[in-house]
Amino acid sequence: MNALFARHALLPEGWQGDVLIEWDARGNLTRVEPKARPPIGVARAEYVVPGMVNLHSHAFQRALGGLTEKAGDGPDSFWTWRELMYRFAQHITPEQVEAIAAQLFSECLRHGYTALCEFHYIQRDPAGSMYARPAEMAERVAAAGQQSGIGLTMLPVLYSHSGFGEQPLKPEQQRFQTDVDTVLRIVEALAPLRNGQLEVGAAPHSLRAVSVRQIQELMAALPKERPLHIHIAEQQGEVQQSLDFCGRRPVEYLFDQLAVDARWCLVHATHLNEGEIAQLAASGAVAGLCPTTEANLGDGLFPLGDYLAQGGRWGIGSDSHVSQSPVEELRWLEYGQRLLHQRRNVAATPARRDVALNLWQDALLGGAQAAGRPVGALVQGRRADLLVLDAAHPNLDGVLDADVLGRLVFCGNDNLVRDVLAGGRWVVQGGRHMAQEAIGRRYRQALQQLREA
């Protein structure tokens with residue numbers, strides 16, 4: 001029997017005791033029963049929480065982490081970092097993308113992510129030509145997902161222009177170039193891979209890189225239940241470019257031109273005015289927040305307090321992968337707000353005073369919506385994605401269930417995830433990924449090749 005008995009498990013209604021969790025061979029939860037009797041022969045765990053959803057990833061950038069932390073001749077920003085990333089992207093091969101993605105996914109799993117949305121935009125070869133298989137690069141990422149066991153939402157990226165007003169792509173952007181037909185061909189090529197562990201949506205890169213007309217064409221062609229993600233309002237420079245182009249801020253312009261609803265994830269959305277906060281919150285779309293990357297690039301701080309006050313939905317992503325830990329994303333989301341407002345417990349509300357619980361549950365809810373997959377909760381019919389925490393660690397030893405998430409998110413830097421079930425498959429046990437050695441070996445080979453390129 002595929003089952004686990006949890007002395008304490010985090011369900012949508014909160015912590016429950018003596019929870020029997022069962023799942024089938026397809027990786028779906030078939031039973032989640034609190035106050036159950038422990039069956040004979042079933043594995044037991046002290047603390048179990050749903051696996052986290054990573055709603056924004058550029059997997060290849062994992063290999064770039066820590067290599068851009070040297071000052072240039074002038075002020076450094078997102079825009080100077082982007083030039084370094086472009087140069088790195090010029091050399092990477094499909095085999096290397098697969099090796100890097102598998103390493104990243106195994107690390108994400110070990111730290112508590114069980115699902116990930118891959119915002120995938122390297123589609124062409126270094127000369128700018130499409131591969132013989134148009135989905136070659138995307139299929140490599142999907143293969144890495146299968147090797148690691150993580151659940152994926154593949155988001156082939158529409159990327160046609162270098163700036164507002166349909167400016168032509170720069171030479172260093174040619175590997176990313178797609179039009180609507182190209183994206184739809186990639187979506188079609190990925191269709192046979194769709195299963196319980198993999199969904200396929202699409203991602204207009206940004207209002208800088210695509211036109212409204214293209215987004216409308218993509219929306220019309222993509223099945224309505226599929227997710228749509230877009231970068232937006234990440235930097236002040238982008239906001240000013242949008243104002244210069246159309247007299248409106250990016251989020252304002254997007255809502256003026258398109259019907260933004262719950263299928264959308266607006267990644268970053270860092271720089272919003274009051275009207276845009278209200279529009280985004282009311283739309284039912286998800287704000288995709290990536291605090292470690294936004295901090296690393298000096299982007300700014302999302303207006304979390306005002307957004308939560310209006311009932312806005314949000315989730316977290318690791319984006320450029322300077323961190324692979326959901327704990328670090330959530331911690332810095334809250335800490336950034338504390339520094340900004342000079343007060344504590346910003347993510348608390350009058351009805352929900354437990355900050356860590358709010359952060360974990362809200363990130364699960366928004367992440368599942370953005371992924372377009374039945375994940376993010378220990379509920380019958382959802383995917384069997386869960387984390388067994390290390391109850392023997394000093395940070396969790398004997399704590400009350402009400403304090404578990406506070407310890408997990410805000411206490412120390414040790415990884416408290418012991419075992420990970422993803423899609424009904426134990427992929428991490430005792431803190432080690434099932435294929436950690438083989439994946440690590442291929443990753444090191446890929447890095448060596450890139451160093452020599």
_pair His229-Pro227: side-chain heavy atoms closer than 4.5 Å_ = yes
_From Leu450 atom CG to Gln96 atom CD, the distance as rounded to the nearest 0.5 Å_ = 4.0 Å
_Test item: side-chain donor near acceptor, Thr293 and Ser320, under 3.5 Å_ = yes
*Pair listing, salt bridge (charged side-chain N to carboxylate O under 4.0 Å, His left out) test, anchored in residues 335-349, at least two apart*: Glu334-Arg338
*Val97 side chain near Thr93 side chain, heavy-atom distance below 4.5 Å*: no
*Report the residues that fulfil side-chain contact (heavy atoms from CB on, under 4.5 Å) with Asp306, sequence neighbours left out, ordered by chain and then residue number.*
Ile277
*Going from CH2 on Trp81 to CG on Leu64, what distance comes out if it is rounded to the nearest 0.5 angstrom?*
6.5 Å
In residues 281-290, what donor-acceptor pairs under 3.5 Å come from side-chain atoms, sequence neighbours left out?
residue	atom	partner	partner atom	Å
Ser283	OG	Leu280	O	2.8
Ser283	OG	Ala285	N	3.0

*Is it true that Asp24 and Arg26 make a salt bridge, defined as a side-chain N closer than 4.0 Å to a carboxylate O?*
yes
*Walk me through it: do Arg263 and Glu225 pass the test salt bridge (Lys or Arg N to Asp or Glu O under 4.0 Å)?*
CA-CA 7 Å; Arg263 76 188 294 200; Glu225 74 277 5; over 6 Å; no
*Does anything in residues 428-437 pair up under salt bridge (charged side-chain N to carboxylate O under 4.0 Å, His left out), and if so which pairs, sequence neighbours excluded?*
Arg432-Glu437
*Ala142 and Leu152: which non-hydrogen atoms are nearest, and at how many Å?*
CA-CD1, 3.9 Å
_Nearest-0.5 Å distance, CD1 of residue Ile316 to CD of residue Glu328_ = 10.5 Å
*Would Thr270 and Asp299 count as a side-chain hydrogen bond (donor to acceptor under 3.5 Å, both in side chains) if you check the C-alpha gap in whole Å, the side-chain angles of each, and the deciding distance to 0.1 Å?*
CA-CA 8 Å; Thr270 305; Asp299 289 337; 5.4 Å; no
*asked:* Side chains of Arg444 and Gln103: any donor to acceptor distance under 3.5 Å?
replied: no
*Looking only at non-hydrogen atoms, find the nearest pair between Pro134 and Ile186 and report the distance.*
O-CG1, 3.6 Å
*Given side-chain hydrogen bond (donor to acceptor under 3.5 Å, both in side chains), test Gln445 with Arg442 step by step and report yes or no.*
CA-CA 5 Å; Gln445 291 170 350; Arg442 290 192 294 270; over 6 Å; no
*For Gln448, look at atom CD and say whether over 12 heavy atoms of other residues, nucleotides or ligands are found less than 6.0 Å away.*
yes
*Determine whether Arg124 and Phe176 make a side-chain contact, defined as any pair of heavy atoms from C-beta on separated by less than 4.5 Å.*
no
_Does either side chain, that of Glu294 or that of His268, offer a donor lying less than 3.5 Å from an acceptor on the other one?_
yes
_side-chain hydrogen bond (donor to acceptor under 3.5 Å, both in side chains) evaluation trace for Asp414 with His393_ = CA-CA 9 Å; Asp414 286 352; His393 191 281; 2.8 Å; yes
_Test side-chain contact (heavy atoms from CB on, under 4.5 Å) applied to Asn358 - qualifying residues, sequence neighbours left out_ = Arg352
_Listed partners of Ala202 passing side-chain contact (heavy atoms from CB on, under 4.5 Å), at least two apart_ = Val183, Leu218, Leu222, Leu228
*asked:* Is it true that, when you exclude Glu13 itself, more than 12 heavy atoms of the residues, nucleotides or ligands shown sit nearer than 6.0 Å to its CD?
replied: yes
_Just so I know, are the side chains of His205 and Ile230 near enough to count as touching, which here means a heavy-atom distance under 4.5 Å?_
no
*Side chains of Arg331 and Asn413: do they bring a donor and an acceptor to under 3.5 Å?*
yes
_Arg208: salt bridge (charged side-chain N to carboxylate O under 4.0 Å, His left out) partners, not counting sequence neighbours_ = Glu238
*Quick one: CD1 on Ile215 to CG on Leu158, what's the gap to the nearest 0.5 Å?*
7.5 Å
*Please name the pair of heavy atoms, one in Asp419 and one in Gln429, separated by the smallest distance, quoted to 0.1 Å.*
OD1-CA, 3.2 Å
*Is there a donor-acceptor contact under 3.5 Å linking the side chains of Gln279 and Glu252?*
no
*Determine, using ring centers only, whether His58 and His321 are less than 6.0 Å apart.*
no
*Using salt bridge (charged side-chain N to carboxylate O under 4.0 Å, His left out) as the criterion, list what pairs up with Glu95, not counting sequence neighbours.*
Arg140
*Could you check if a side-chain atom of Gln61 sits within less than 4.5 angstrom of a side-chain atom of Ile100, using non-hydrogen atoms only?*
no
_Close aromatic pair by centroid cut-off 6.0 Å: Phe119 and His231_ = yes
*Would Arg382 and Val375 count as a side-chain contact (heavy atoms from CB on, under 4.5 Å) if you check the C-alpha gap in whole Å, the side-chain angles of each, and the deciding distance to 0.1 Å?*
CA-CA 5 Å; Arg382 302 282 186 102; Val375 294; over 6 Å; no
*Could I get the full list of side-chain hydrogen bond (donor to acceptor under 3.5 Å, both in side chains) partners for Tyr335, not counting sequence neighbours?*
none
*Return the minimal non-hydrogen interatomic distance between Ala189 and Pro192, and the atom names on each side.*
O-CD, 3.2 Å
*asked:* How close do Glu329 and Ser323 get, counting heavy atoms only, and between which atoms?
replied: OE2-CB, 4.2 Å
*Report yes if the side chains of Trp426 and Val388 come closer than 4.5 Å at any heavy-atom pair, otherwise no.*
yes
*Sorted by first residue and then second, give each salt bridge (charged side-chain N to carboxylate O under 4.0 Å, His left out) pair with at least one member in residues 106-120; sequence neighbours left out.*
Arg62-Glu107
*Please name the pair of heavy atoms, one in Leu109 and one in Val420, separated by the smallest distance, quoted to 0.1 Å.*
O-CG2, 3.3 Å
*Could you check Asp390 against Val417 for side-chain contact (heavy atoms from CB on, under 4.5 Å), going step by step and ending with a plain yes or no?*
CA-CA 6 Å; Asp390 184 3; Val417 176; over 6 Å; no
*Quick one: side-chain contact (heavy atoms from CB on, under 4.5 Å) partners of Gln380, sequence neighbours excluded?*
none
_Min side-chain heavy-atom separation Thr114-Leu386 under 4.5 Å_ = no
*asked:* Donor-acceptor pair, distance only, cut-off 3.5 Å: does the side chain of Glu188 make one with the backbone of Arg185?
replied: no
_Derivation and outcome, side-chain contact (heavy atoms from CB on, under 4.5 Å), residues Leu365 and Trp314_ = CA-CA 8 Å; Leu365 181 66; Trp314 60 275; over 6 Å; no
Could you pull out all donor-acceptor pairs under 3.5 Å where a side-chain atom in residues 14-21 meets a protein atom, sequence neighbours excluded?
residue	atom	partner	partner atom	Å
Trp15	NE1	Asp401	O	3.0
Asp18	OD1	Arg7	NH1	2.8

_Does Met85 form a side-chain contact (heavy atoms from CB on, under 4.5 Å) with Phe60? I'd like the steps, not just the answer._
CA-CA 10 Å; Met85 182 271 289; Phe60 78 95; 3.8 Å; yes
*May I ask you to test the Val379-Val32 pair for a side-chain heavy-atom distance under 4.5 Å?*
no
